[in-house]
A.B. asks: 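Mind looking over this structure? Questions follow.
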Amino acid sequence: MLLKLVTGEGERGTENGERGTGSGERVYSGNPPENSKWRSKGNYKDLATSFEHVLFERDRRSKKHGRISVVVWLRIIVLASCLVTIFAFYGLGRQLGMHQRKFYRLETMAFVGESTLAKVVKDYFDCSFFCPKSGPSACLSFNLGRNSESGYRTCELINSERYLEPERIKEHKSYDYFGTTPASLFRLLPCVSNPCNNGGICIPGRQIGGFSCQCVIQISVLPFINDLCNIDSSNVKIIDSSKDVFHAAIGRYELNYHDAQRLCQMKGAALASYDQLHAAWQDGLELCLYGWLIDATVRYPMQTRKNGCGNRVGILGSSSKKSRGNKYNAWCYIQ
């Protein structure tokens, strides 16, 4: 590193660093000052000019970097504004899409009971626009007054629909009823269509049209394959049915007691009782396969004597309860 010390007017100094009387500078090259050499320069206007040039360059670069920073920040602000605008239009478009419903008309009919809101409108188009704008929590259908002498009609918003409460539709000469079509209704309130299978419970989402399924505890040998609580039905075998009793199996003897209960629930049934199985046997049911009953016994019905099937007639099996971890099939009863 080269370090310069500028002095005033005077003569050239000595070799050992003593001050002279000429204009000059001490030049240090990393060595102690006493070992430095004095170099005469005469007039130092050139050095001052160079120093001013350095300051000018430093100032110019600083301003340049400042301008670059401003440009970068402007670009960031513009990009952020564009993203906000895009998301705003997306949300508005989605909201308008949800508001675009289709209605069907029932002439001289009305949805009786308390309405959410009543408003005087000019025609059907005003009411059909006002209903979706109010949201599904306030309007799923509406009664619209028939033509009047004043040219205006009464629009009654209703937060229910004929599909949900058909008993509330009554004849009314002064009104026409406009209900939301099933396709639009299921899009707004998907849980109305029971999208969750095999005993799953539909839970409405925070946004319009959103939902999730709360599935029951899955069967260990028959797991759910998606979020709608679906299973691979090809693995389930339903054998014989009589008096609302049927035999359910996954493979051969793969169900413990709790899995047998869940499988019956998935089929809209419950484990059968001994009396229910006996009634089905009296109706002609016969199957040489063990199945769980609700009392944790395992039995099977026989109409004829067969070797390997107890060689007896009746409800065969043990009256003693089995360990619920043992595996058999299931006897289900449709309630």
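The structure displayed is predicted, hence computed values, not measured ones.
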A.B. asks: For L164, look at atom CG and say whether over 12 heavy atoms of other residues, nucleotides or ligands are found less than 6.0 Å away.
C.D. replies: yes

A.B. asks: Taking all non-hydrogen atoms of both residues into account, name the closest pair between N159 and S137 and its distance.
C.D. replies: CB-O, 3.4 Å

A.B. asks: With distance as the sole test, does S115 use its side chain to make a donor-acceptor pair with the main-chain N or O of I158 at under 3.5 Å?
C.D. replies: no

A.B. asks: If you look at every heavy atom in R153 and G145, which pair is closest and at what distance?
C.D. replies: CD-O, 2.9 Å

A.B. asks: Is L106 linked to Y124 within one hydrophobic cluster, defined over Ile, Leu, Val, Met, Phe, Trp and Tyr using a side-chain heavy-atom separation of less than 4.5 Å?
C.D. replies: no

A.B. asks: Mind jotting down which residue pairs meet the disulfide bond (SG atoms under 2.5 Å apart) criterion with at least one end in residues 306-335? Sequence neighbours excluded, please.
C.D. replies: C264-C332, C288-C309

A.B. asks: Taking the side chain as C-beta and beyond, is there a heavy-atom pair between H247 and I238 under 4.5 Å?
C.D. replies: no

A.B. asks: Using every non-hydrogen atom in the two residues, find where K327 and E254 come nearest and quote the distance to one decimal.
C.D. replies: CD-O, 3.7 Å

A.B. asks: Applying ring-ring contact (aromatic ring centres under 6.0 Å, His included), can you list everything that pairs with F224, at least two apart in sequence or on another chain?
C.D. replies: none

A.B. asks: Do V121 and F125 belong to the same hydrophobic cluster, where Ile, Leu, Val, Met, Phe, Trp and Tyr are linked whenever their side-chain heavy atoms lie under 4.5 Å apart, directly or via other members?
C.D. replies: yes

A.B. asks: Apart from W281 itself, what residues make up its hydrophobic cluster, given side-chain heavy atom links below 4.5 Å?
C.D. replies: I239, V245, Y253, Y257, L271, Y274, L277, L285, L287, L289, Y290, W292, L293, I294, V298, Y300, M302, V313, I315, L316, Y328, W331, Y333

A.B. asks: Would a 4.5 Å heavy-atom cut-off, applied to side chains only, mark L255 and I250 as touching?
C.D. replies: yes

A.B. asks: Check each of R187, K102, E161, R101 against T181 using the side-chain contact (heavy atoms from CB on, under 4.5 Å) test, and report the only one that passes.
C.D. replies: K102

A.B. asks: Roughly how far, to the nearest 0.5 Å, is the CZ atom of R262 from the CD1 atom of I231?
C.D. replies: 13.0 Å

A.B. asks: Taking side chain as C-beta onward, heavy atoms only, is V236 less than 4.5 Å from K267?
C.D. replies: yes

A.B. asks: What closest approach, in Å, do A270 and Q335 show between heavy atoms, and which atom pair accounts for it?
C.D. replies: CB-NE2, 3.6 Å

A.B. asks: Under the rule for side-chain contact (heavy atoms from CB on, under 4.5 Å), what residues qualify as partners of N311, not counting sequence neighbours?
C.D. replies: R305, N307

A.B. asks: Between Q276 (side chain) and S273 (backbone), is there a donor-acceptor pair under 3.5 Å?
C.D. replies: yes

A.B. asks: When you look at C202 and C191, which way does the disulfide (SG to SG under 2.5 Å) test go after all the steps?
C.D. replies: CA-CA 6 Å; C202 183; C191 288; 1.9 Å; yes

A.B. asks: Under a 3.5 Å distance rule, please check whether D176 uses its side chain to pair with a backbone N or O of T108 as donor and acceptor.
C.D. replies: yes

A.B. asks: Answer yes or no for C229 and C196: SG-SG distance under 2.5 Å.
C.D. replies: no

A.B. asks: Between CG of N143 and OG of S141, what distance do you get to the nearest 0.5 Å?
C.D. replies: 7.0 Å

A.B. asks: Same cluster or not: V120 versus L117, using hydrophobic residues (I, L, V, M, F, W, Y) connected whenever any side-chain heavy atoms lie under 4.5 Å apart?
C.D. replies: no

A.B. asks: Between I208 and P136, is there a side-chain heavy-atom distance shorter than 4.5 Å?
C.D. replies: yes

A.B. asks: For L144 and C127, which heavy atoms make the closest approach, and how far apart are they?
C.D. replies: CD1-CB, 4.2 Å

A.B. asks: What distance do N197 atom CG and C213 atom SG have between them, rounded to the nearest 0.5 Å?
C.D. replies: 7.5 Å

A.B. asks: With sequence neighbours excluded, give me every ring-ring contact (aromatic ring centres under 6.0 Å, His included) pair touching residues 181-205.
C.D. replies: Y163-F186

A.B. asks: Does any pair with a residue in residues 109-125 pass salt bridge (charged side-chain N to carboxylate O under 4.0 Å, His left out), and if so which ones, sequence neighbours excluded?
C.D. replies: none

A.B. asks: What do you reckon, C131 and C155 SGs under 2.5 Å?
C.D. replies: no

A.B. asks: To the nearest 0.5 Å, how far apart are CD1 in I203 and CD in Q214?
C.D. replies: 4.5 Å

A.B. asks: For a ring pair (Phe, Tyr, Trp, His ring centres under 6.0 Å) with F142, tell me which candidate from F103, Y175, F111, F129 qualifies.
C.D. replies: F103

A.B. asks: To the nearest 0.5 Å, what is the distance between CD1 on I219 and CE on M266?
C.D. replies: 4.0 Å

A.B. asks: Is there side-chain contact between K322 and T297, with at least one heavy-atom pair below 4.5 Å?
C.D. replies: no

A.B. asks: Using 0.5 Å steps for rounding, measure from the CG atom of D259 to the CD atom of Q218.
C.D. replies: 9.5 Å

A.B. asks: Do Y177 and L140 sit in the same hydrophobic cluster, where Ile, Leu, Val, Met, Phe, Trp and Tyr count as joined when their side-chain heavy atoms come under 4.5 Å apart?
C.D. replies: no

A.B. asks: Decide yes or no on salt bridge (charged side-chain N to carboxylate O under 4.0 Å, His left out) for E286 and K306, but give the supporting numbers first.
C.D. replies: CA-CA 11 Å; E286 180 182 64; K306 292 182 180 180; 3.8 Å; yes

